[in-house]
**Q** 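Structure incoming, see below.
Indexing begins at 1, ligand by ligand and atom by atom, following the structure's order.
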Amino acid sequence: MEVFECISKRKSVRSYTKKQVPKEVLEKVLDAALLAPSAGDIHPYRIVVVTDEEKIRRIAEAALNQVFIAQAPVVIVYLVSIEEASAYGRRGVELYSLLDVGASMENLMLAATSLGLSTCWVGAFDEKRVEEIVKAPKGYRAVSITPLGYSDHVPRAIPPPPKSEKVYYDEFK
Ligand SMILES: Cc1cc2nc3c(=O)[nH]c(=O)nc-3n(C[C@H](O)[C@H](O)[C@H](O)COP(=O)(O)O)c2cc1C
């Protein structure tokens, strides 16, 4: 799929079919996630691929009961390693590591879109509960989640914000 088409096709999907994600498709999506840029090429995160139904149900609960998450056959959880992120001190922990996850998540989501899959970035969740569910070792912080699966509808296109409100040339005015 052409890159601009893929970018505009990606939409947050909050309703999934039960269709399983083939292993080779999942691997391609994960390859794309790891091809993202990362400060110092450290990639200070781990990606937990959750397919266990009970764990997925508990993650949905921990995500303020966003029940659509539990419809998906796969849930991806990103965890940041505080120790690895510390390579760049406080800035590494508070900024770079989260930007790295953002870049990787977007790669993952675009790759998923190009392969006919859908996603929805989920940031509203109880970090401690999610860390417990995926058995994160001490020093790992759960920072982002997305369900991964097949949409049961064609997602509604929400127009992007007007360029005139978000983009400036030469100076912020
Ligand atoms: C950091 C972040 C956190 C988000 N958290 C949630 C969430 O908890 N639940 C949800 O349904 N959508 C969440 N979203 C998705 C946004 O609501 C969505 O991207 C936005 O409405 C634009 O729609 P689109 O993704 O279809 O373009 C989140 C997105 C981002 C980037």
**Q** Any protein heavy atom lying closer than 4.0 Å to atom 4 (C) of ligand 1?
**A**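 Looking at atom 4 (C) of ligand 1, one finds that a protein heavy atom does lie closer than 4.0 Å.
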
**Q** Write out the residue and atom name of the closest protein heavy atom to atom 14 (N) of ligand 1, then the distance separating them to 0.1 Å.
**A**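 Of every protein heavy atom, Trp121 O, 2.9 Å lies nearest to atom 14 (N) of ligand 1.
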
**Q** Heavy-atom distances under 4.0 Å decide this one: backbone, side chain, both or neither, for Ala63 against ligand 1?
**A**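 Looking at Ala63 and ligand 1, no heavy atom falls under 4.0 Å.
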
**Q** For ligand 1, note which part of Phe68 has a heavy atom under 4.0 Å away: side chain, backbone, both or neither.
**A** side chain

**Q** For atom 29 (C) of ligand 1, decide whether some protein heavy-atom distance is shorter than 4.0 Å.
**A**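 At least one protein heavy atom is under 4.0 Å away.
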
**Q** I'd like to check whether Gln66 has a polar contact with ligand 1, where a contact means an N/O of the residue lying under 3.5 Å from an N/O of the ligand.
**A**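 By distance alone, the answer is yes.
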
**Q** Decide, yes or no, whether a salt bridge links Arg58 with Glu54 under the criterion of side-chain N to carboxylate O below 4.0 Å.
**A** no

**Q** Would you say Ala124 has any N or O atom under 3.5 Å from an N or O of ligand 1, going by distance alone?
**A** yes

**Q** Do Trp121 and Ser144 have a side chain donor and acceptor closer than 3.5 Å?
**A** yes

**Q** Does a salt bridge link Glu53 with Arg57, judged by any charged N lying under 4.0 Å from a carboxylate O?
**A**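 No.
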
**Q** Is any side-chain N of the basic residue among Glu132 and Arg129 closer than 4.0 Å to the acidic one's carboxylate O?
**A** no

**Q** Of the protein's non-hydrogen atoms, which lies at the shortest distance from atom 27 (O) of ligand 1, and what is that distance?
**A**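 Minimum-distance protein heavy atom for atom 27 (O) of ligand 1 reads Arg10 NH2, 3.1 Å.
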
